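Data first, discussion second: the structure below is written as structure tokens.
Atoms within a ligand are numbered from 1 in the order they appear, just like the ligands themselves. Bear in mind that the values here come from a model prediction, so they are computed numbers and not experimental data.
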Amino acid sequence: MMYAKVIVDVAAARTDKAFDYLIPEELEEMVHPGMRVMVPFGPRSIQGFIWKVTDHTELSRVKPVKEVLDPTPVLTGEMLELGEWMAEETVCFLITAYQSMVPSAIRAKPKKIIRTNVEAAGLPEVLKPFFDGKDEAAWDDVVQTKEAASALKQMTGDGSMTVDYQLKDKTGKKMIRMVRIAGGNPEDEYSGTLGSKAVKQVQVMNWMSRHYGTKAVSVREVQDNLQVTFGVLQALIKKDFLLEESLESYRDPYENRIFTESQRPLLTNQQKEALEPVQNAMREQKYDPCLLHGVTGSGKTEVYLRAIEEVLKEEKEAIVLVPEISLTPQMVERFKARFGSEVAVLHSALSSGEKYDEWRKIHRGEVKVAVGARSAVFAPFRHLGLLIIDEEHEGSYKQEDHPRYHARQVALWRGRWHSCPVLMGSATPSLESYARASKNVYRLLEMPHRVNEAVMPEVEVMDMRKELKKGNRSAFSEQLLEKMQDRLEKKEQMVLFLNRRGYSTFVMCRSCGYTASCPHCEITLTYHHTGRQLKCHYCGYGEPLMQTCPDCHSEHIRFFGTGTQKVEEELTRLLPDAGIIRMDVDTTSRKGAHEKLLDSFRRGEADILLGTQMIAKGLDFPKITLVGVLAADTMLHLPDFRASERTFQLLTQVSGRAGRAELPGEVVVQTYTPEHYSIQHAKGHDYHSFAREEMAQRKRAGYPPYYYLTLITIAHEDAAKVMKTAARIADRLRKQLSPEAGVLGPTVSPIARIKDRYRYQCMIKYKNEPELIRILNDMNAEYQKEMAEENLTISIDMEPQMFM
Ligand code: ADP
Ligand code: ZN
Ligand code: ZN
């Protein structure tokens, strides 16, 4: 007897273990770990992943597996293990981890179709009845008996048959409609059999017989050649003269683009030096995490491309992770131009069918390179030779929903599994990675110069406090406005950057730049309208809103935040002749809008590109000679301990946009706190000094990379219940964790209420808590009933990137 240990599709603590099911004899040969099955569960039938196959069970009575859903495992052995690790590390259910690794298009119960690639005569006897004159059969019909299933296994094993999912049209594979002449013997002339009146039908049959014999031809081709309607073909299908078939075609979202093989540039010396250790690790098949710190324009992408060339030479595969926001067509083109059809692209803008197609190319080993955002880290390759994470500092690599994994952690795990290098690149590495590189946990590779000795752009910092004193209350300093007028006259382009995040309301003195921050946590206090209070979102400290600035006694103390739309209106007033393209969530919500706006700007159809952070990356326009950051402070004062780091990263990114080509570039940063070290070191293009100062700050306040954080958010409709539960959880953690760990809160979350549910949070700060995961899992289990029955949510975020 064979048994399957199945992880069922019920995300609850009670079911977060494998259940045993009997494998019916006829399915024995088909069943492998990593396949999905339907199994009886209580009164219902549910889906699950086979985790292991064994020959014994502890149970006296096991129910049989009802159905096998996948012809081949959707999860490899590696993925099964990776899921276990993820479930543990991110405190999520195993089923949640596994579900996140397969494309959504096949998460439902898919229908499977068997296609035979051999003539009917070559089929084994047991299979013949299923294919009766066709080259397709339904999987479900065939696998009813052990004999048929076993024959099928043999046929698929040697490639005589293929099995695939038949998805619903909308998201499924794109099928090409085909017809072929029915029966084995096409006639030369059909006017006799069809009657001479059916002129068109006869024409079709004669043409097909002459040109194709019994081979299939696409309906489109018949119609194009003979100018007949589909109705004519339909009539022939009805009369059994023609058979209708379909041929799957991959939908290729890039099919209408032309990729030219780019000239491979000669590597610069610093590129060669960076590449060498990566190539060595690849050759020696050694796990080797490398942090590539290269300034903007130093040619990091070229290093990635060369490293991948090496991977392909070794017949291995590579994954390239890129933040969603910089996964632009230009970015993709650089990879497609070099590696052509070896590349699959996984992009959130693809339909779920398109995503599935790309996934399947990887799964079948038809491509060798996967380029994509966060979830591409699960690309089901079997022979990885390299993983690349571009812009490794990006917060978006952390998934903000279950499972809360960080793609960098997953990439490192896979690198270890495959014994291959992991290349993490950035102009502004995260302090976590930089600290690890400094301690030789990662290998540090530096590229401090731009390609072709291009100079870094000049960064000017404008003190907006002085503007206010001069009586200028607009969003533009006088100097910035002058520079803009100058560019307009010269017909050069400019980018204006405005970071706006609606949720955060902080209070700032426009006369002196003062902002209120927590005396205990060194983060900005957030204004709460109810109660007119300033609150700390880490520890709960609060104070009443001041009327005048405590530093300079000015009355110009107010909330901060300006919308892109408001700025656009002002811009139109100040520079009536300028062409403006505005890019923000409102103007780019429609699919493809983002790219259209950028294309239009590239063609020179506007002078000014005004936008939020979505324009900070991936733009490489030769005619941009001015970049303006309108309000650097909005990001500097987010209630997040990474606010300074994010500001530095952002200013470095946007200034990296200027002066990439022959024309020299200039950057203007407007701020009320020009002396802040984030702004000063960004001005000096000095990552190392910034990192030194920020590390000291983190050490003082007890933040990563010196401490680890865990954020626990509790939500429920009833505010009192949330408060009470949060307090109980904080107490419990204080008792259970070691005295070295700190438990902050509970306190109201930065977004205090979402969809009528109140939110409170606690934060754990720790250095070494080996029992933490177990304690959190126990807590989860204890609240399971309340969570299931009373709609209480307790979410646990290990090493959070966001503090909403
Ligand atoms: P980064 O990703 O570090 O900002 P890129 O890889 O985008 O830099 O390179 C910046 C520019 O320099 C690109 O236009 C790229 O084509 C070009 N480039 C990169 N390497 C070389 C090289 N070795 N020789 C000439 N041009 C190069
Ligand atoms: Zn002041
Ligand atoms: Zn505080």
Got an N/O contact under 3.5 Å between Val451 and ligand 1? no
N, O or S atom of Cys518 closer to the Zn ion (ligand 3) than 2.8 Å: yes
Can Asp731 and Arg728 be counted as an ion pair, charged N to O under 4.0 angstrom? no
Out of Glu492, Gln493, Glu666, which one pairs with Thr625 under the side chain to side chain donor-acceptor pair (under 3.5 Å) rule? Glu492
Would you kindly specify which portion of Leu267 sits under 4.0 Å from ligand 1, judged on non-hydrogen atoms: side chain, backbone, both or neither? backbone
Test: Arg436 and Glu432 ion pair at under 4.0 Å: no
Apex the Zn ion (ligand 3); atoms Cys539 SG and Cys536 SG; angle rounded to 10 degrees: 110°
Give the atom numbers and elements of ligand 1 that come within less than 4.0 Å of a heavy atom of Thr268. 23 (N)
Going from OG1 on Thr671 to CD1 on Ile679, what distance comes out if it is rounded to the nearest 0.5 angstrom? 3.5 Å
Could you tell me whether Pro265 and ligand 1 have an N or O pair separated by under 3.5 Å? no
Donor-acceptor pair, Thr428 side chain versus Gln649 backbone, under 3.5 Å? no
Can you tell me if Ser298 contacts ligand 1 (heavy atom of the residue under 4.0 Å from the ligand)? yes
List the steps, then state whether side chain to side chain donor-acceptor pair (under 3.5 Å) holds for Glu392 with Ser433. CA-CA 9 Å; Glu392 71 85 33; Ser433 296; 2.7 Å; yes
Ligand 1 and Leu266, any nitrogen or oxygen pair closer than 3.5 angstrom? yes
Is it true that Lys470 and Glu467 have a side-chain N and a carboxylate O under 4.0 angstrom from each other? yes
Pairing of Glu309 and Arg264 as salt bridge, 4.0 angstrom limit: yes
Going by atom types alone, do Thr647 and Ser678 pair a side-chain donor with an acceptor below 3.5 Å? no
Any idea which of Gln653, Met331, Arg264, Arg334 brings a heavy atom closest to atom 16 (O) of ligand 1? Arg334
Touching ligand 1 at all, Val295? Heavy atoms, strictly under 4.0 Å? yes
Distances under 2.8 Å only: what protein N/O/S atoms are near the Zn ion (ligand 2), ordered by chain and residue? Cys509 SG, Cys512 SG, Cys549 SG, Cys552 SG
Quick test of your reading of the model: are Asp288 and Arg443 salt-bridged, counting only N-O distances below 4.0 Å? yes
Please identify which atoms of ligand 1 are closer than 4.0 Å to at least one heavy atom of Thr296. 4 (O)
Enumerate the side-chain hydrogen bond (donor to acceptor under 3.5 Å, both in side chains) contacts for residues 693-703, please, sequence neighbours excluded, ordered by first and then second residue. Glu522-Gln697, Glu645-Arg698, Tyr677-Glu694, His681-Glu693, Glu694-Arg698, Gln697-Arg700
Carboxylate-amine/guanidinium proximity below 4.0 Å for Arg338 and Glu302: yes
Check each heavy atom of Gln271 against ligand 1 and say whether those closer than 4.0 Å belong to the side chain, the backbone, both or neither. side chain
